[in-house]
Amino acid sequence: MIANENILEFRGLSKSFPGVKALSDVSFSIRRGCVHALLGENGAGKSTLIKILAGIYHADCGEIIFDGKRIAFKTPIESQTSGIGIVHQEIKLSNTLTVTENIFLGNLLYKFKDRFFVDWKAMRKKARNMLDELHMNDIDEDAVIEDLPISKQQVVEICKTLNLQGKLLVMDEPSASLTEREIQVLFQIIANLRMKGVTIIYISHRMDEIFQIADAVTVLRDGKHIFTGSIHEITRETLISMMVNRSISDSYPKHINTIGENILEVKNLNNSLIHDVSFSLRKGEILGFSGLMGAGRTETIRALLGIDPIYSGSIFLKGKPVKHRHLSNAIANGLGLVPEDRRGQGIIGGASIKENISLVHIEKVMRAGFIQTKLEAENARKYIKLLDIATPSAETQTQYLSGGNQQKVVIAKWLYRDSEILIFDEPTRGIDVGAKFEIYQLMNELVALGKSIIMISSELPELIGMADRILVMNQGRIVGELDHGEATQEKILAFCV
């Protein structure tokens, strides 16, 4: 039951950046002890609003009332000490520190009151207990963060924030890298926190999650407040319409692919993480990979691309054997990767759009050893138009684009390289419902042009809606194959357990 008292109020909040009005007179309130969903497309103003609440940004005008007091945090530390915890969409952990060190960073436990001797034993024990409560028995409390996959890093991020024991917890896309089992554990954690009186602001692009856990919902669009109300008084279709300001009749655009001959064959691929992996990819096909975290999906792709070593097995492209000892070999052979961590591995945030697009084919814009910036910009503008990338110009730094537009820049990079096989690893992670539809349409257009796509996704409806075939992996092996017409969530999950 939602309490009557508001724990948080935004009153006339506005925030501008050079050339962008991020928030415009935003006003709404959040009741104590509820799960309040915050929705909107990328660029709607959600992250800006949360960063103001966190003390990272400062509002141009307006005020925030938290727990009955007017606040204007100057630093994130002030926000944390006031009882506000933020689980950011972009993971903010120290890569060279351990899991325990990250959880207790800035909040160490000491053996004595003089705060001279750090109690490492107590911190490791508490970190272990927190991970066990999340059913994350396979995460070592002494593991170094950079050695963990993104999904496990996300769990550590949640533990770090929960350790602050605040009154208000903001979760920004917390489930984006989690498996279905881990998501259900997360929901149980949220339910437990709610029962203890903790208020949750939950940001997600997954509509099913919102209707499963939220009490109330707020929609932002183009920096403006559109709606706030009970989740029980609104439909999924109405929410989506308010978010994108247009009707999306189907989550997955219809496509009829013309499937050709085999373009890629993988036979009995083995290393320490994958075992006897064999599959084929046909021209004009979207081939889906499903499986729980650690099943071997990404590990298979890393081996295919030459990122990880192959102990035995063969790879054939258009019937000819190839060896990918390094990623550069795979790129030269027409393979391109749209990675799960697009900001960390797909783009250079501080570089312009034009520089990112030409990154993997720089020789094409070079003359006599010099980059021809005009030619580079001209090429970039072609792909900006082709992929409908929302940006003021080709000179814009890529880090300032929304998640969906950053994803389009990564795709443009490989189209510029003229890659025949595109590998999408979690292609819509952290992308809003409108941008998702655009990415799906783009994938259909690519296979219609004769490109072939390997699609790894943790979202089963996405795989079922988009893939022509789905391969299911478990413990490093391919354990099942389903055609588009026969695939269901139940059948996929049956192979996973």
Side-chain angles (χ1 to χ4, degrees), residues 35 38 46-47 50-51 53-56 66 73 75-110 115 118-179 182-194 196-204 293 340-341 343-344 429-430:
V35 178
L38 181 59
K46 306 185 304 295
S47 293
I50 296 308
K51 286 179 179 178
L53 181 62
I56 299 171
F66 175 62
F73 300 128
T75 67
I77 296 296
E78 289 184 8
S79 178
Q80 290 177 13
T81 55
S82 295
I84 298 174
I86 312 285
V87 179
H88 293 281
Q89 178 181 348
E90 301 302 327
I91 296 170
K92 298 182 182 297
L93 299 174
S94 180
N95 285 335
T96 57
L97 297 182
T98 67
V99 169
T100 297
E101 289 167 340
N102 270 280
I103 290 174
F104 287 91
L105 194 61
N107 193 26
L108 298 175
L109 300 181
Y110 296 90
R115 299 171 66 87
V118 175
D119 197 338
W120 291 106
K121 183 178 180 180
M123 289 194 300
R124 280 196 291 269
K125 182 179 180 181
K126 187 173 180 181
R128 181 70 267 151
N129 289 339
M130 293 180 72
L131 291 167
D132 288 343
E133 286 178 5
L134 298 182
H135 301 282
M136 293 293 109
N137 303 322
D138 56 345
I139 299 180
D140 187 343
E141 65 271 20
D142 293 319
V144 177
I145 291 297
E146 63 185 1
D147 295 333
L148 298 178
I150 289 177
S151 57
K152 292 185 179 180
Q153 291 183 24
Q154 182 72 72
V155 174
V156 177
E157 181 82 37
I158 292 171
C159 286
K160 178 182 177 181
T161 307
L162 291 176
N163 190 45
L164 297 172
Q165 297 180 333
K167 304 172 187 175
L168 174 70
L169 186 62
V170 181
M171 293 186 169
D172 191 355
E173 297 287 351
S175 66
S177 299
L178 304 183
T179 64
E182 293 164 345
I183 290 172
Q184 294 309 312
V185 173
L186 172 67
F187 288 172
Q188 186 58 56
I189 293 168
I190 291 173
N192 292 340
L193 290 170
R194 183 177 177 275
K196 293 177 182 178
V198 177
T199 305
I200 309 287
I201 297 178
Y202 194 88
I203 302 173
S204 177
M293 185 184 72
E340 176 183 7
D341 182 9
R343 291 199 179 190
R429 175 179 177 260

Problem - side chain to side chain contact (heavy atoms under 4.5 Å, CB included) between Val118 and Phe104, worked out - result: CA-CA 11 Å; Val118 175; Phe104 287 91; over 6 Å; no
Exercise for the section: Measure the shortest side-chain to side-chain distance between Asp132 and Asn137 over non-hydrogen atoms and say whether it is less than 4.5 angstrom. Expected result: yes
Practice task
Let me see the working for Glu141 and Arg128 under salt bridge (charged side-chain N to carboxylate O under 4.0 Å, His left out), right down to the final yes or no.
Solution key: CA-CA 6 Å; Glu141 65 271 20; Arg128 181 70 267 151; 2.6 Å; yes
Exercise for the section: Quickly, which of Val87, Leu131, Thr100, Ile189 forms a side-chain contact (heavy atoms from CB on, under 4.5 Å) with Cys159? Name it, please. Expected result: Leu131
Exercise for the section: Taking the side chain as every heavy atom from C-beta outward, state whether Leu38 and Ile50 have any pair of such atoms under 4.5 Å apart. Expected result: yes
Exercise for the section: Could you tell me which non-hydrogen atom of Ser79 sits nearest to which non-hydrogen atom of Ala54, and how far apart they are? Expected result: CB-O, 3.4 Å
Practice task
Report yes if some heavy atom in the side chain of Ile145 is under 4.5 Å from a heavy atom in the side chain of Val99; otherwise report no.
Solution key: yes
Practice task
Verify the neighbour count for atom NZ of Lys167: are there more than 12 heavy atoms of other residues, nucleotides or ligands below 6.0 Å?
Solution key: no
Practice task
Enter the distance from Met123:CE to Leu108:CG here, rounded to the nearest 0.5 Å.
Solution key: 5.0 Å
Problem - Euclidean distance, Leu169 CG relative to Ile86 CD1, rounded to 0.5 Å - result: 8.0 Å
Handout entry: Within-4.5 Å side-chain heavy-atom neighbours: Lys126 and Asn163
Key = yes
Handout entry: Pairwise distance CZ(Arg124) to CD1(Ile103) - rounded to 0.5 angstrom
Key = 12.5 Å
Exercise for the section: Report the distance from atom OG1 of Thr98 to atom CG of Asp142, rounding to the nearest 0.5 Å. Expected result: 6.0 Å
Practice task
Start with the C-alpha gap between Asp138 and Lys152, add the side-chain angles, then the distance that decides, and say whether salt bridge (charged side-chain N to carboxylate O under 4.0 Å, His left out) holds.
Solution key: CA-CA 9 Å; Asp138 56 345; Lys152 292 185 179 180; 3.4 Å; yes
Completion exercise
Heavy atoms of Phe66 and Gly83 approach each other most closely as CZ-O, 4.2 Å
Handout entry: Minimal non-hydrogen separation, Pro174 against Ile203, with atom names
Key = CD-O, 3.7 Å
Practice task
Count the heavy atoms of every other residue, nucleotide or ligand shown that sit under 6.0 Å from NZ of Lys92, and state whether that count exceeds 12.
Solution key: yes
Handout entry: Derivation and outcome, side chain to side chain contact (heavy atoms under 4.5 Å, CB included), residues Met171 and Leu186
Key = CA-CA 11 Å; Met171 293 186 169; Leu186 172 67; 4.2 Å; yes
Practice task
Working to the nearest 0.5 Å, report the span between CG of Asn95 and CG of Leu93.
Solution key: 7.5 Å
Exercise for the section: State, to 0.1 Å, how close Trp120 and Glu101 come at their nearest heavy-atom pair, and which atoms those are. Expected result: CZ3-CG, 3.7 Å
Handout entry: Nearest-0.5 Å distance that lies between atom CG in Leu168 and atom CD1 in Ile200
Key = 7.5 Å
